[in-house]
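In what follows, every chain begins at residue 1, and chains take the letters A, B, ... in the order their sequences are listed. Note that the structure is a prediction, hence the values are computed from the model and not measured.
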Amino acid sequence: MTAFRISNDTIDPAALARALVHARTGACATFEGWVRDHNDGRAVQRLDYQAYAPLAQSEGERIIDEAREKFAIIEAFCVHRAGALAIGDLAVWVGVSAAHRGAAFDACRYIIDEVKKRVPIWKNEHYADGESGWLHPDNTPVASERK
Amino acid sequence: MTAFRISNDTIDPAALARALVHARTGACATFEGWVRDHNDGRAVQRLDYQAYAPLAQSEGERIIDEAREKFAIIEAFCVHRAGALAIGDLAVWVGVSAAHRGAAFDACRYIIDEVKKRVPIWKNEHYADGESGWLHPDNTPVASERK
Amino acid sequence: MNYRVLYFASLRDRAGMDAEQIHSLATDARGLYSELRARHGFTMGEDRLRVAINGAFAQWGHTLHDGDEVVFIPPVSGG
Amino acid sequence: MNYRVLYFASLRDRAGMDAEQIHSLATDARGLYSELRARHGFTMGEDRLRVAINGAFAQWGHTLHDGDEVVFIPPVSGG
């Protein structure tokens with residue numbers, strides 16, 4: 001399994017979690033990002049993720065390599081969805097195993113924080129009022145480029 | 001489901017994780033503690049957890065109540081095994097859901113840290129050399145009370 | 001007075017029992033532990049233990065009542 | 001020179017296309033973006049964007065070569 005993957009299909013967190021655990025694993029930390037029904041006070045109906053796939057892949061792998069250098073971890077994986085998602089779909093999954101919990105938590109958080117900051121993936125939310133919009137990293141709307 | 005539970009049976013993390021997710025959930029953080037094959041340089045073969053169950057239950061629930069007060073979370077659960085466990089068994093599971101990832105991570109870590117500090121559960125490791133021993137919170141042996 | 005004492009972890013190993021019924025003149029957990037320490041040869045001091053009375057954490061100086069369940073809690077190691 | 005430019009997110013919406021082949025005199029990403037900004041009416045400034053050349057992040061002043069794939073990366077919002 002590659003450490004980072006963009007997936008056009010449903011993510012199976014249970015299968016991913018199984019790949020984390022070794023005999024020397026004491027701790028696993030996971031993060032799941034779900035499509036939720038609201039953002040910034042607006043009702044969300046669905047969303048699309050666009051990705052610049054080759055750069056997303058290499059940048060995602062770079063982030064996981066950095067996590068391996070910074071923290072004493074055993075395994076680390078991240079899968080991010082692309083395409084059309086509905087409320088209650090899993091958008092991103094991060095899992096880290098380690099001998100001890102501190103490294104597992106710190107690496108898991110590092111990976112999701114950096115993925116959200118650096119990996120070229122964009123979220124377009126479709127609202128109940130019929131509008132839609134690209135979002136910034138802080139989930140505020142990109143006001144500008146729409147015609 | 002009670003927020004904290006001592007279990008004499010195998011923990012099913014996938015079933016627990018499903019109970020975390022609501023339509024308003026944006027983020028889930030989970031922690032899994034696994035029985036690993038070594039501790040402090042010694043090969044571990046199996047271990048036993050003893051629990052003072054009534055106090056473990058009330059102290060575990062208190063910790064989760066504290067997490068709900070401190071962090072903006074939606075759901076939080078913790079299950080801790082008691083009894084005999086083998087290498088590769090899941091010893092403890094913590095899961096937290098929230099609208100945003102910061103609260104989910106912080107609450108998940110708070111819960112496992114406090115459980116390890118305060119909940120009356122004791123780990124007795126059985127080593128490959130035939131010895132066994134009760135452990136301190138920092139996983140160093142309790143040198144003292146053995147006959 | 002009569003107290004029920006439960007033992008866990010290294011105290012259980014040392015006492016060689018899970019629990020016992022104790023008749024004692026001690027009126028608080030501190031006095032009771034001194035007595036049990038002498039009887040079973042526990043080496044762990046009060047500073048390493050916590051006390052629970054009737055299923056809740058309590059102070060060492062908390063006054064005991066007849067029939068109380070008392071537990072001396074060694075350093076925990078869950079997780 | 002000829003460059004291939006890919007568009008994502010709000011730039012894609014504004015340009016009305018996923019990608020285009022551009023013949024340009026620009027020799028770096030900065031010059032190329034100025035040209036495309038004028039052509040498509042992009043409102044986002046350089047300070048809001050990153051640049052990728054041939055699938056890797058690059059500097060705005062990086063010299064472009066014929067056939068390069070150039071992508072202007074709006075603020076990302078994965079996760």
Query raised in the report: More than 12 foreign heavy atoms under 6.0 Å from CZ of C/Arg37: is that the case here?
Result: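 Buried by this count: over 12 neighbours within 6.0 Å.
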Query raised in the report: Does atom CD of C/Glu69 have more than 12 heavy-atom neighbours from other groups under 6.0 Å away?
Result: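 Buried by this count: over 12 neighbours within 6.0 Å.
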Report task. Between chain C and each of B/Arg81, B/Gln50, B/Gln57, count heavy-atom pairs under 4.5 Å; write down the option with the most. Result ->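 Among B/Arg81, B/Gln50, B/Gln57, the one with the most close pairs to chain C is B/Gln50.
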Requested in this report: Mind ranking B/Val119, B/Val115, B/Asp48 by heavy-atom pairs under 4.5 Å with chain C and telling me who comes out on top?
Outcome: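 Between B/Val119, B/Val115, B/Asp48, the count favours B/Val119.
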Side chain, backbone, both or neither: which part of [X] has an atom under 4.5 Å from a heavy atom of chain C?
{"X": "B/Glu59", "answer": "side chain"}
{"X": "B/Ala51", "answer": "backbone"}
{"X": "B/Tyr49", "answer": "side chain"}

Query raised in the report: Which of parallel (below 30°), tilted (30 to 60°) and perpendicular (above 60°) describes B/Trp122 and C/Phe8?
Result: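 Aromatic pair B/Trp122/C/Phe8 classed parallel.
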Report task. List the steps and the verdict of side chain to side chain contact (heavy atoms under 4.5 Å, CB included) for B/Leu55 and C/Ile73. Result -> CA-CA 10 Å; B/Leu55 182 57; C/Ile73 311 272; 4.0 Å; yes
Query raised in the report: Atom CH2 in B/Trp134, atom CZ in C/Arg12: separation rounded to 0.5 Å?
Result: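 CZ of C/Arg12 is found 7.0 Å from CH2 of B/Trp134.
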Query raised in the report: So which heavy atom on B/Ser58 is nearest to which on C/Gly55, and how close?
Result: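 Nearest heavy atoms, B/Ser58 then C/Gly55: OG-O, 4.1 Å.
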Query - Closest contact, heavy atoms only, C/Gly78 versus B/Lys116 - result: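 Closest pair (atom of C/Gly78, atom of B/Lys116, distance): O-CG, 3.5 Å.
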Report task. Answer with side chain, backbone, both or neither: which region of C/Ala56 has an atom nearer than 4.5 Å to a non-hydrogen atom of chain B? Result ->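 Only the backbone of C/Ala56 comes within 4.5 Å of chain B.
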Query raised in the report: Does B/His80 use its side chain to pair, donor to acceptor, with the backbone of C/Gly79 at less than 3.5 Å?
Result: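 It does hold such a pair.
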